[in-house]
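Chain letters run A, B, ... following the sequence lines, proteins first and then strands; every chain starts at 1. What you see is a predicted model, and the numbers here were worked out from it, not measured in a lab.
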Amino acid sequence: GDEPTPTAEPVAGTRLILATTTSTQDSGLLDYILPVFEEAYGIDVDVVAVGTGQALELGEDGNADVLLVHARALEDAFMAAGHGVRREDVMYNDFVLLGPADDPAGIRGMATAAEAMRTIATTEAPFVSRGDDSGTHVKELSVWETAGIPPEGDWYISAGQSMGAVLTMADEQQAYTLSDRATYLARTLEGTELEILVEGDPVLFNPYGVMAVNPDKGPHIQVDLANTFIDWLVSLPAQQMIAGFGVEEFGAPLFTPDSTAWRDAHGGE
Amino acid sequence: MSEPIYQLDQVAKAYEGRQVLSIKHLAVQQGEILAVVGPSGAGKSTLLRLLNFLEPPSSGVIRFMGVRFGAAGSVPLSLRRRVTTVFQRPVLLNRNVQANVAYGLRLRRQQRGNALVEAALQQVGLEAMARQHARTLSGGEAQRVALARAMVLHPDVLLLDEPTANLDPYNVRLIEEIVCQLNREQSTTVVLVTHNVFQARRLAHRVMLLLEGQLIEVADTTTFFESPEDSRTRSFVCGELVY
Amino acid sequence: MSEPIYQLDQVAKAYEGRQVLSIKHLAVQQGEILAVVGPSGAGKSTLLRLLNFLEPPSSGVIRFMGVRFGAAGSVPLSLRRRVTTVFQRPVLLNRNVQANVAYGLRLRRQQRGNALVEAALQQVGLEAMARQHARTLSGGEAQRVALARAMVLHPDVLLLDEPTANLDPYNVRLIEEIVCQLNREQSTTVVLVTHNVFQARRLAHRVMLLLEGQLIEVADTTTFFESPEDSRTRSFVCGELVY
Amino acid sequence: MEEIIQGFIEAVRLIASGDPGLVAIIVLSLRVSGIALLFSTMAGIPVGSLLGLSRFPGRKLVIALLYTGMGFPPVVVGLFVYLALSRNGPIGQIGWDALPALFTPGAMIVAQTIIAFPLVAGFTMAAVMGVDPNLRRQVRALGATRAQTVWTILSEARLGVVVSIIAGFGSIISEVGAVMLVGGNIEHRTRVLTTAIVLETRKGNFDLAMALGIILLALSFLANAAMLRLQGKTFDE
Amino acid sequence: MEEIIQGFIEAVRLIASGDPGLVAIIVLSLRVSGIALLFSTMAGIPVGSLLGLSRFPGRKLVIALLYTGMGFPPVVVGLFVYLALSRNGPIGQIGWDALPALFTPGAMIVAQTIIAFPLVAGFTMAAVMGVDPNLRRQVRALGATRAQTVWTILSEARLGVVVSIIAGFGSIISEVGAVMLVGGNIEHRTRVLTTAIVLETRKGNFDLAMALGIILLALSFLANAAMLRLQGKTFDE
Ligand SMILES: Nc1ncnc2c1ncn2[C@@H]1O[C@H](COP(=O)(O)OP(=O)(O)OP(=O)(O)O)[C@@H](O)[C@H]1O
Ligand SMILES: Nc1ncnc2c1ncn2[C@@H]1O[C@H](COP(=O)(O)OP(=O)(O)OP(=O)(O)O)[C@@H](O)[C@H]1O
Ligand SMILES: [Mg+2]
Ligand SMILES: [Mg+2]
């Protein structure tokens, strides 16, 4: 395939503020790919890793130049409201349903997430929810809806915290939870006892998008740099790196590249 | 005469290596008024601190009612409460006059404290000031409150450190009468530090002279003033002439 | 006689509604020693606070070197610095003796302070204690440090509140000599509060009597003691007999 | 500023609504911090008095440690408590039932007690050391026992002691790192005002976060006003 | 406990390695909190002195507000500063270059200054009020100007004043909510020890988090020891 060559000129010593969800930072992905970009373009990327809602708010307030988040509906709303000028698919990973090894609710290997979660609810096994309107939380709620069960009761623990904290809590409480694979795999290195019990259900698909913030928000918005960054992020070399991230440590990639360019190049597979 | 109430043997006190008091032997008799005189810095206030068990002596032994108080010692509360001091510089609590005078009684959980307090304030002429805040008192008023606070406890031993230093002639006479009366009627033992040799002469049964921490002479009042043994006593007594 | 250094007219001071001082008229002459006598609580210390501009009068006017100091007033620093007080109860800073005596000079950024401080300490007999911490001084030592601290400033007016209350006869004589010398050689005006009428008689050019805040009589020393106009002065002077 | 004003309006609206969820959060905040403050006061005032009034070898070191404790990051305290109470931790493993479990108000109280303690003890020490040493002597001379002496000195230093308690309260009612870690910010269970604020901030609901912050401030203003009232006249002196 | 011991070993290893990233984080932590402490001291000591030494209408209210400020949740302070400095906020819109931008150390300094101020001012007030009122009179009688009087009183109350500074330092060196919000925890730029600890905790790297916590404590211990040394003999009195 023909690799698109980035055209923007490097701007020395310029800051690009990237607001993103904690999963990209906590999984180590950004530490892995960003130095290459910074080196090649002489642009410093300042990563502000926060909650999904807060990341979008930072963009809306004009305090960030580019956003990397996973919450498709909110992203579309953001674009529709004119806060962003460009949106691209970047990659996806998937959500997995985790629980203690002895699996008291007996969901291991179930085919659909909805069925597994219904079982958890009926056995009233503890389940820890992000409870913070994050992409993960939104996904979880949609699964509950599919399952036809309102998540309520003593067994349902709404933590209102980041993924990492929720994993820690679920591990400690011997509870079930829904997590993105990247954060979970990173956590296995730290010796979590949680195991993947359900995976592979197509509803657990978790796409990440990148958006450039509208330069109307002020002259300080680095829209050119943002475009340079987006161009690079969706380019094949960057996508290749994403595909390789985590293979060494976990034996499998944490994220699957999914930009248009990548899809074009690997369309047949 | 009965057992002395205090008996000091080889008592010394040093601060930061400097010896400020050193008394070979001293006995204070039950029921007497002993005046302590001597120049500024002689160690008079230090002696009272030792007699009230506020600091242990650096060496030597103080015996109070037969109980030892040495360098490492302490004295049981019941005994300690038989002695109290009116300091040279009155230290009042940040409360009103009535609460200050009642303080010692409250420590002892005594009933009918209020009546005692009122009576004591009347004695020192401050009944009208019971509700005034202690911090706003004049020098002489503060001194009288401190005296009332001690008196009200009816201690066996009353240690007075220049209790009339800030008072006018009328009040001096008032306080002196109170002290004599306590001594006479309740046979309170009084150790009175004073720089006023007239006062020593008027009140004391015996007088002692401290010079640079040394006990120079202790004798009954007439002897002390009229035929002292030590020449230094004679010259100190002559110093009185400035009054 | 020159202009009086202080002139008080209809000066009154009240605390919480209680009037503690009320002086219709008083003039303090340049270079005189004025003794203020009166019983405890008469308002003597209050008068000195007003004369040092530490509190404004509740009503009336004090004129110092022609400058008004009234209820709402304040006095320029340069004038204020011509007056200083030795309080009844010496308040020393939490430093050593030398630093305490040097304090006023340091406020004025005076050179050759050290020599002055040393000389003043020598005068009050404390040269050996320059390095001792002020908190550990005896009562009389503290009083002498406070006096040295004021003296070293060579004020035009020195307000002394019972400066020898805690001192023995020898030191009393020492301090009195210093005061006389300051008055004689530097014509320092001195207002001396004392409960010791002998002292008033020895030192003062004029004496005044305060009773419950009222100025009863002010007269030159001999008149005051020997032929007072007011009967209350006569009976106060008789009260002296307790000494 | 718009968002701040928005926050005020939201705060008033929230309070007026009397939302039971909000009430539960407020009650829990006050209960956890109140109990923790009680514990740390009960420990901190005696320790502060001891450090202020006694001289013993190693005292300076203890003071320096106490001061360092004032800068003990709540997160680190939280981490310690977390590790101690954790299932795999030394105390968690004993499985003793009386001990607070992680993600319960009990664990939050433990963490906050540790956080408030150095402030209470340190300021009590400073306040007590400011009292005229002659007063101590006078009080003993009037026949006070050791305990009575300490009590009297504390009451003379009451302004400083009350400020130490206020500072302790302030440090924990506003604390978030430790309660988040050991409490878990669980809805209906361990969510307190500060963790709710963080949650709303993360969600990007800045005005709601601001409203909760304003409610928190109003609460601690009321608590302080009450303490000042108890402390009484001290302020006019 | 294992993790705590692990943390210690890790801490020693980290320090020994002299990792430039770690050094930068430490330097930034000290710089931000040091400058903020300087500002809040410069404001807090005069305000505390004024409140302690003067009587004016509304003083009690100011004191109650100050006390409330001690319980100002850092997150809320962070939110205020965020909203104020935000690009479409009131100050951000001016676009004045001298003002700190969000996600810079400058913004963190602003937030920390606000956090430390009530502690410094409140404790200074308490310390100053503990000084014998007669001392003030004596000092004025010796010819002190207003400023000299205040200075002397502060020096008499130095123990309490130093503790107030130590408490202020402790409150900000350990603070995380506000610096996270306005600083953004950007690597190489606004990452300080506390935000690094949070990040590592989030990642589940408890031993590294613990190691950073231990380093933080060691730093604040050293800072306090230095202050105690400056403060000098006060402790032996
Ligand atoms: N804690 C201390 N440290 C060092 N020196 C001290 C201490 N306490 C007292 N002194 C010294 O001990 C000496 C005796 O002090 P003391 O107070 O007993 O004298 P005094 O006879 O009461 O004098 P005065 O009549 O002036 O009150 C003084 O020179 C004083 O400076
Ligand atoms: N701040 C105050 N508030 C209320 N009353 C006060 C205040 N200051 C002084 N007084 C009262 O004013 C009266 C005069 O006080 P002042 O100190 O002037 O007396 P004095 O003549 O110096 O007495 P002494 O010889 O006992 O020192 C006293 O009765 C005192 O209680
Ligand atoms: Mg003495
Ligand atoms: Mg007086």
Side-chain angles (χ1 to χ4, degrees), chain B residues 15-16 18 20 37-46 87-91 124-126 128-129 131-133 136-144 161-162 164-177 193-199 202 210 235-243, chain C residues 15-16 18 20 37-46 87-91 124-126 128-129 131-133 136-144 161-162 164-177 193-199 202 210 235-243:
Chain B
Y15 292 112
E16 294 157 23
R18 182 160 80 90
V20 301
V37 300
S40 178
K44 307 181 292 294
S45 300
T46 304
F87 288 95
Q88 186 164 14
R89 194 176 158 144
V91 189
V124 298
L126 290 176
M129 296 195 143
R131 305 259 145 248
Q132 190 168 327
H133 199 276
T136 64
L137 295 176
S138 81
E141 287 161 358
Q143 201 157 40
R144 286 180 284 157
D161 203 346
E162 309 199 341
T164 62
N166 283 302
L167 292 175
D168 59 292
Y170 169 81
N171 279 300
V172 169
R173 188 176 343 191
L174 187 83
I175 300 304
E176 289 185 356
E177 268 163 21
V193 169
T194 179
H195 56 268
N196 180 334
V197 285
F198 291 97
Q199 187 170 63
R202 280 194 300 272
L210 275 182
S235 57
F236 185 83
V237 168
C238 289
E240 90 187 64
L241 289 180
V242 290
Y243 270 86
Chain C
Y15 291 114
E16 295 158 23
R18 181 160 82 90
V20 302
V37 300
S40 176
K44 307 180 292 294
S45 300
T46 305
F87 288 94
Q88 187 165 14
R89 193 176 157 144
V91 189
V124 298
L126 291 175
M129 295 193 144
R131 303 260 144 249
Q132 190 169 327
H133 198 276
T136 64
L137 294 177
S138 81
E141 286 161 359
Q143 203 157 36
R144 285 180 283 157
D161 202 345
E162 310 200 339
T164 62
N166 283 302
L167 291 176
D168 58 292
Y170 170 80
N171 279 300
V172 170
R173 186 172 346 191
L174 186 82
I175 299 305
E176 290 185 356
E177 269 163 19
V193 169
T194 179
H195 56 269
N196 183 335
V197 282
F198 291 98
Q199 187 169 65
R202 279 194 301 271
L210 274 181
S235 58
F236 185 83
V237 168
C238 291
E240 89 187 65
L241 291 179
V242 292
Y243 270 86

Problem set entry | Over all atoms of both residues, closest heavy-atom pair of C/Pro90 and B/Arg89 | O-NH1, 2.9 Å
For this session: First locate atom OG of B/Ser138, then atom CG of C/Asp161, and finally report the distance between them rounded to the nearest 0.5 Å.
Result: 9.5 Å
Exercise. Say you draw a straight line from OG of B/Ser45 to CG of C/Leu137; how long is it, rounded to the nearest 0.5 Å?
Worked result: 11.5 Å
Exercise. Among B/Gln143, B/Arg18, B/Met129, which residue forms the greatest number of heavy-atom pairs with chain C at distances under 4.5 Å?
Worked result: B/Arg18
Problem set entry | Gap separating the NE2 atom of C/His195 from the CG atom of B/Asn171, nearest 0.5 angstrom | 11.0 Å
Exercise. Which heavy atom of B/Asp168 sits nearest a heavy atom of C/Gly38, and at what distance?
Worked result: CB-O, 3.9 Å
Seminar exercise, completed: Ranking B/Ala42, B/Pro39, B/Ser40, B/Ala142 by heavy-atom pairs under 4.5 Å to chain C gives rank one to B/Ser40
For this session: Quick one: closest heavy-atom pair of B/Glu162 and C/Asn166, and the distance?
Result: OE1-OD1, 3.1 Å
